[in-house]
Visitor: 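I am attaching a structure below and will ask some questions about it afterwards.
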Amino acid sequence: MKKNKKLLIAGNWKMNGLRKNSLMISNLMKYIKNKKFKNTDILICPPFTIANIFSTLSKKSNLMIGAQNCSDKVSGAFTGDISPEMLKDIDLEMVILGHSERREYHNETSEIVKLKAINALKNKLNVIICVGESLSQKKSGKTLRVIGDQLKKSLPDKISSNNLIVAYEPIWAIGSGLIPNNEDIYKVHEFITKKLVEKYGAKGKRIKILYGGSVNKKNAGEILSIDYVNGALVGGASLKYKDFKSILDFCN
Ligand code: PEP
């Protein structure tokens, strides 16, 4: 698949995965090495408990390992939190921020997401910021307004051209098997591109925008071919080697 930007296929393992799943990482690394992906970056974001093992395992490979969250604080008395410096210390390269599950279950506002993003970027971690509307917001025609507001409040002011990625993840599509139609995905991605250019100028044009929400081996090829879609954030289908590999098979 030839696109104007290098694709990023990112797996979000959420609260799944044990040390024994290192086998999948070894298989994935072998597959990536054999396929010699030129136009695709590949990332797995496991839970913190196995991130160090995975990052050590994948050190000299083209598989990137990332995290699913980080603190907006530098260090100190914040029980249970993990700082960007700690993620960098185990050689993680990216962090997903503002996932709808964090926004919903941990009351993360866009303002908090922005502080986390600033903190992560300071520590040279690349950041994937998630935005997306709920089903009722979609039904009442508020999708672009909601996403515009999330972008306005969540995006850090200073970036370099390749350290920020945006993921469009309609909340109603996550884990549901439902996906927006191609036209709707196109419209939202085009809108996000416009907002990024308004905020960052030429740099904004180079920011990748991923689609996320029920991406699987059956729909990935079609979704990835939509204009302004520069990759996918994959939840459930990233947990099984065969399913994730089938998605990667659409890339090169
Ligand atoms: C996600 O939660 O980031 C996600 C895209 O999940 P799923 O692919 O399972 O819908």
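Note that ligands are numbered from 1 as they come in the structure, with each ligand's atoms numbered from 1 the same way.
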Visitor: When the ring planes of Tyr168 and His189 are compared, do they come out parallel, tilted or perpendicular, using 30° and 60° as the limits?
Guide: perpendicular
Visitor: I'd like to know if Ile96 and Met64 are part of one continuous hydrophobic network [Ile/Leu/Val/Met/Phe/Trp/Tyr, side-chain heavy atoms within less than 4.5 Å].
Guide: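 Yes: a chain of side-chain contacts under 4.5 Å links Met64 to Ile96.
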Visitor: Contact between Lys116 and Glu108 at the side-chain level, heavy atoms closer than 4.5 Å - yes or no?
Guide: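 Yes - at least one pair of side-chain heavy atoms lies under 4.5 Å apart.
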Visitor: Using a 3.5 Å cut-off on N or O atoms only, is Ser214 in polar contact with ligand 1?
Guide: yes
Visitor: Are the charged groups of Asp149 and Lys153 less than 4.0 angstrom apart, N to O?
Guide: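 Salt bridge present between Asp149 and Lys153.
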Visitor: Report the part of Asn12 (side chain from C-beta onward, or backbone N, CA, C, O) that has a heavy atom under 4.0 Å from ligand 1; answer both or neither where that applies.
Guide: side chain
Visitor: Aromatic ring centroids of Trp13 and Phe54 under 6.0 Å?
Guide: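 Judged by ring-centre distance (under 6.0 Å), Trp13 and Phe54 do meet the cut-off.
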Visitor: Which atoms of ligand 1 have any heavy atom of Gly213 under 4.0 Å away?
Guide: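 Near Gly213, meaning under 4.0 Å from one of its heavy atoms, ligand 1 has 5 (C), 10 (O).
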Visitor: In terms of heavy-atom contacts, does CD of Glu85 have more than 12 from other residues, nucleotides or ligands at under 6.0 Å?
Guide: no
Visitor: Considering non-hydrogen atoms of the protein only, which is the closest contact for atom 9 (O) of ligand 1, and what is the distance?
Guide: Gly236 N, 2.9 Å
Visitor: Hey, which atoms in ligand 1 end up nearer than 4.0 Å to a heavy atom of Leu233?
Guide: 3 (O), 5 (C)
Visitor: Should you measure from each heavy atom of Gly175, which atoms of ligand 1 turn up under 4.0 Å away?
Guide: 7 (P), 9 (O), 10 (O)
Visitor: Within ligand 1, which atoms have a heavy atom of Lys14 less than 4.0 Å away?
Guide: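 Listed by number with element, the hits are 1 (C), 2 (O), 6 (O).
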Visitor: Quick check: does Ile174 get an N/O under 3.5 Å from an N/O on ligand 1?
Guide: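 Among all N and O atoms of Ile174, none is under 3.5 Å from an N or O of ligand 1.
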Visitor: CG of Asn62: more than 12 outside heavy atoms within 6.0 angstrom?
Guide: no
Visitor: Which residue and atom name correspond to the protein heavy atom nearest atom 5 (C) of ligand 1, and how close is it?
Guide: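 Going by distance alone, atom 5 (C) of ligand 1 is nearest to Glu169 OE2, 3.0 Å.
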Visitor: For atom 1 (C) of ligand 1, which protein heavy atom lies nearest, and how many Å away is it?
Guide: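 Going atom by atom, the protein heavy atom closest to atom 1 (C) of ligand 1 ends up being His99 NE2, 3.2 Å.
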Visitor: To check your reading of the model: name the closest protein heavy atom to atom 8 (O) of ligand 1, its residue, and the distance in Å.
Guide: Gly235 N, 2.8 Å
Visitor: Check this for me: does any side-chain nitrogen of one of Asp249 and Lys35 sit under 4.0 Å from a carboxylate oxygen of the other?
Guide: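 Counted as a salt bridge, because a side-chain N and a carboxylate O are separated by less than 4.0 Å.
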